[in-house]
Amino acid sequence: MAGALTRSLALLAMAAGGLILGALGWWKGENALTLWAWSAGTIPVLLALTIHILQSMLRREAGLDILAVLAMAGALVLGEHLASIVIALMVASGQALEAYAGNRAQREMTALLGRAPRTACRYVGERIETVTLDGIKPGDRLLIRTGDVLPVDGTVAAGPVVLDESALTGEPLPIRHAAGETVRSGTTNAGDPFDLIAVTTADESTYAGVVRLVEAARASKAPSARLADRYALLFVSLTLAVAGLVWLLTGEAYRALAMIVVATPCPLILAVPVAIASGMSRCARRGVLVKGAGALEALATVRTLLFDKTGTLTGGRARVIAVETGDGYASSDVLRLAASLDQASQHVLAEAIIAAARARGLPLASPSEVVEHPGFGIAGLVDGHRVVLGSFDYVSRHGSQPPWSTRLLRRMGHEGVAGVFVGLGGAMAGAILLADEIRPEAPRSLRLLRKAGVRRTVMVTGDRRDVAEAIGAALGLDGVVAECTPSDKVKAVAREHSRGPTMMVGDGVNDAPALAAADIGVSMGARGAAASSETADVVLLVDRLDRLAEAMRIARRSRRIALQSVLAGMGMSFAAMGAAAFGFLPPLAGAMLQEAIDVVVILNALRALGPIRLHGARATLSETEAQRLKAEHDKLVPLLDRIRFAGDQLAGGSPPPSEELVRLGALLRDRLLRHEQEDDATLYPQVAKLLGGEDPMAAMSREHREIGQLVRVYSRMVADLGSGPPDDLVLRDVQRVLYSLDAILRLHFAQEEEIYQALTDAA
C-alpha cells in the first residue's frame, strides 16, 4: 500500500512539474522547452496507466483508464501537448488521492495476529530456557506464567488452572481445568503460573488453525465490484464507437480526439474517490476506521448482519447482577465483606465484585490472614469475621449447605449465570451472581441498524445455547447459532450469504475467520484482538456498537453522492461530446471544459465530508449527566435486592418478621417513591423536550403510577398482617406483589437507562 502511494505521488509530481515547466517555457517563448516539458510530464503517466490496463486485462477486469490512455496518446500524436499534460495531471491526482486514502487506513492497523506469542518458556532439566515457537515439540514441559497466551495445545501438568478462553470460544467467564485436561493455544492464563505438557507443535495447534481459516477465507472471498467500474464497459464502448463514427464520417481526427478528451471519465476517476474518501474521513472522525474505498461502498449495500456475542452484543466482562443471601444476612453486608476479601485476590471475577461494592458506596475494609487456593477460592479475616469466598464446593467444605443453596444452583443453570458463594463464620451466607450483560446501547443500535438498511440479524457465538438464546430473545434477533467453533462461524456466514451481502461483527481471535469470509468484516477494535482488527474491513475504534449504524448511514450517503457526481459528470461530458462532434470544441478547449466539469463534480463529491442531517435532531444529554442518572439507579439496587430477598423468603416457607416487612414498606415510600416523584416532576420534562413530540414520556410516567400503586398495595397488606400468625394466602399475595414490583422496577430502570444512553452526546 505504501509503495502504491509512493508511485502515485511520483507520477503526480512529474505531471505537475511538467505542466509548470512547460508553462514557464511558453511564457519565455521557448517552444521547444514547452513541448519537451509537457511531453516528459505526460509519458510516465501514460506508460504507468498502460501497464495498469494490461494487468487488469490479465485479471479479466474492465476499467475506465483506456479512455485516458487514448486521449493522452492521441493528443501527443496530434500535437496537442497542453491537452495531454492536463489529462495526465488529472489521472495522476486521482490515483494519488485513492492510494492516500487506502494507505492512511492501513497505517492505523497493528501487525497480523499481534496477540500471538513469539516465544515460550521450556524446562530443560532444572532450568528454564526461552525458545521460539518453532522449537517446541510434543512432550516438552512449558511454564505458562500469569497473563501468558498458551503457545501450543497441551495438557495441564498440575491443576487446577484458570483460563480466559473468550478469545477462542466467546465464553466471557474464566474456565477452570483440572490436572490432565487438554487446553488449547490462544487462551490466556488468568490464574497462577502452571506447567503445560505440549501435545502439538505450534503449526498444528488450535491457534494456528484459526490463522489458516483466516487465510482460506480471505483467498476465497471475491473482490467487491467498484462503483466506477460498473459504468466502465458501457461508457468506454459508447465513447469509442461514437468517436470512430465521427472520424469515419468527417475524416477529421481532431474531432474524434476532442470527443475522447471531453469523454475522459474524470467524474469516475476523481469524483468517486473523492466522495468515498470523504466518507471514510467522516467515519474516522466518528471512531470508525474503514480500510479502503471498496469496503465503504460494500458497507452501503449490507442486508444481513451477523454478530458475535461476547464483547460485541454484551460487554465482554462479568458484572454483578444480584446478591442472594440466606436468612439473617443482608445483601449489602455480604457484598461488602466479599469485596473486602477480594482485594487480596488475583481472580478475574474479583474486580467485578469490588467494582459492584464501590458502585453502591460500601466501605471496604482491609483483609488479613488471607489464604488463596487458585481455581477454588479464598479465605481470610475481615472486620473480625471469618470470610470464605469461592466455588460452591469450596465454601461448602467450610460450613453447612442450606436448602436455598441447592435451589440457587439450579436457577443459576437455568439463567446461565455464574456465582461466587460467600461463607461467614462457618455458615454459607449468600452468593454473588455475575453475568456478561447486554450492552446498554445494543437494543438501540440494532434498531438504528435496521433503519440503515439491515434486514436480518443473526448471533453466532461459541457460548452455551441457553445463554445465547436468552440474549437473542431479549434483543429480538432473527436467528441464533450457539456453541460455534471458528469454522462453524465461517459456515454460518456462507449460509447467510445466499440471502444477500453479509456483514460480520466480532472482537475475538475466534471471530477472525468469519470476519474474513463475510462481505464486510467489522472488528470491535477498542478492546478486540489484533487478529480480528487486522482481518476486518472496518474497525470500531470506540467501544460503541451504535457507531456501526452511523457508519452505514455515512456509507450510503457517500455512495449516493458519488453516484450523483458520476451521472451529472457523465451527462455534461456527453453534451460536450456532441459539441466536439460538430466541430465546435477543439481538443484543448475540450480539456479545459473537462476540467471545469471536474471542479463541479468534485465540489459535489466533497459534500460527503459534511455531517448527516437527521430530521428532528435535538440537543442531547451530556455524558456527565447520563452517568449521574445511572448512579442514582445504582444507589437503589440494594433496595431491589431487598425486595427480591423478601419475596424469596416468603416462597421458601420462612417469612421474615412483620417488622422487617414494615421497614421494607417504609424504605419503598421514603426512597423509591420519592425518586420516582422527582423524576416525574423535574427530569422527565427535560427529557421530553430533548425527545420532542406531544408527550414522549407518557409510557414511562404510566409505569411510575403502576409502581406507586404496587407500593401502596404492599403497605396496606403488611398493615393488615397484624401481630398474630400470618395467613398463608395473605403471605402469597404479599409475595406476588413483591415479585411484581421487582420485575417492573428492573424493567423500568433498564428502559430509562436506554433512553438516557440514546440522548448521551458521546462524540
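Remember, predicted model here, so these are calculated numbers, not experimental data. Scope of the values below: all heavy atoms of this structure, side chains included, with no hydrogens, waters or symmetry mates. We count residues from 1, following the sequence as given.
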Do the side chains of [Y] and [X] get nearer than 4.5 Å, heavy atoms only?
| X | Y | value |
| --- | --- | --- |
| Ser445 | Leu313 | no |
| Pro193 | Leu143 | yes |
| Leu335 | Ile353 | yes |
| Leu408 | Met412 | yes |
| Arg386 | Leu381 | yes |
| Leu337 | Leu389 | no |
| Thr457 | Leu449 | no |
| Met504 | Val460 | yes |

At their closest point, which heavy atom of [X] faces which heavy atom of [Y], and how far apart are they?
| X | Y | value |
| --- | --- | --- |
| Ile144 | Asn189 | O-ND2, 3.3 Å |
| Asp140 | Gly135 | OD2-O, 3.8 Å |
| Pro151 | Ala120 | CG-CB, 3.9 Å |
| Leu515 | Ser523 | CD1-CB, 4.4 Å |
| Lys489 | Cys484 | CG-CB, 3.8 Å |
| Thr312 | Phe307 | CG2-CD2, 3.8 Å |

Qualifying residues under side chain to side chain contact (heavy atoms under 4.5 Å, CB included), relative to Glu372, sequence neighbours excluded |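 Applying side chain to side chain contact (heavy atoms under 4.5 Å, CB included) to Glu372 gives Ser345, His347, Ile378.
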Under the side chain to side chain contact (heavy atoms under 4.5 Å, CB included) test, which residues partner Thr155, sequence neighbours left out?
->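 Thr155: side chain to side chain contact (heavy atoms under 4.5 Å, CB included) contacts with Thr182, Ile197, Val199.
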Kindly compute the distance separating [atom1] ([X]) from [atom2] ([Y]), expressed to the nearest 0.5 Å.
| X | Y | atom1 | atom2 | value |
| --- | --- | --- | --- | --- |
| Ile432 | Asp342 | CD1 | CG | 7.5 Å |
| Ile354 | Leu349 | CD1 | CG | 11.0 Å |
| Thr132 | Arg122 | OG1 | CZ | 8.5 Å |
| Thr325 | Leu424 | OG1 | CG | 10.5 Å |
| Gln343 | Leu364 | CD | CG | 4.5 Å |
| Leu446 | Leu477 | CG | CG | 6.0 Å |

Check: [X] side chain, [Y] main-chain N or O, donor-acceptor pair, under 3.5 Å:
| X | Y | answer |
| --- | --- | --- |
| Thr146 | Gly191 | yes |
| Thr314 | Lys309 | yes |
| Glu324 | Ser405 | no |
| Asp478 | Val458 | no |
| Asp519 | Met503 | no |
| Ser185 | Val152 | no |

Met459/Leu475 under side-chain contact (heavy atoms from CB on, under 4.5 Å): CA gap, chis, key distance, verdict | CA-CA 10 Å; Met459 181 169 67; Leu475 291 173; 5.9 Å; no
Electrostatic pair Asp148-Arg145, nearest N-O below 4.0 angstrom |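 Yes, Asp148 and Arg145 are salt-bridged.
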Carboxylate-amine/guanidinium contact Arg141 Asp195, below 4.0 Å =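 Yes, this pair counts.
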For Arg319, look at atom CZ and say whether over 12 heavy atoms of other residues, nucleotides or ligands are found less than 6.0 Å away.
->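 Result for CZ/Arg319: open.
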Residues, nucleotides or ligands: over 12 heavy atoms within 6.0 Å of Glu129 CD | yes
side-chain hydrogen bond (donor to acceptor under 3.5 Å, both in side chains) between Thr485 and Asp488: does it pass, once the steps are laid out?
-> CA-CA 5 Å; Thr485 63; Asp488 291 334; 3.1 Å; yes
If you look only at pairs with a residue in residues 353-374, which of them pass as a ring pair (Phe, Tyr, Trp, His ring centres under 6.0 Å), with sequence neighbours excluded?
->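 Qualifying pairs, neighbours excluded: His373-Tyr394.
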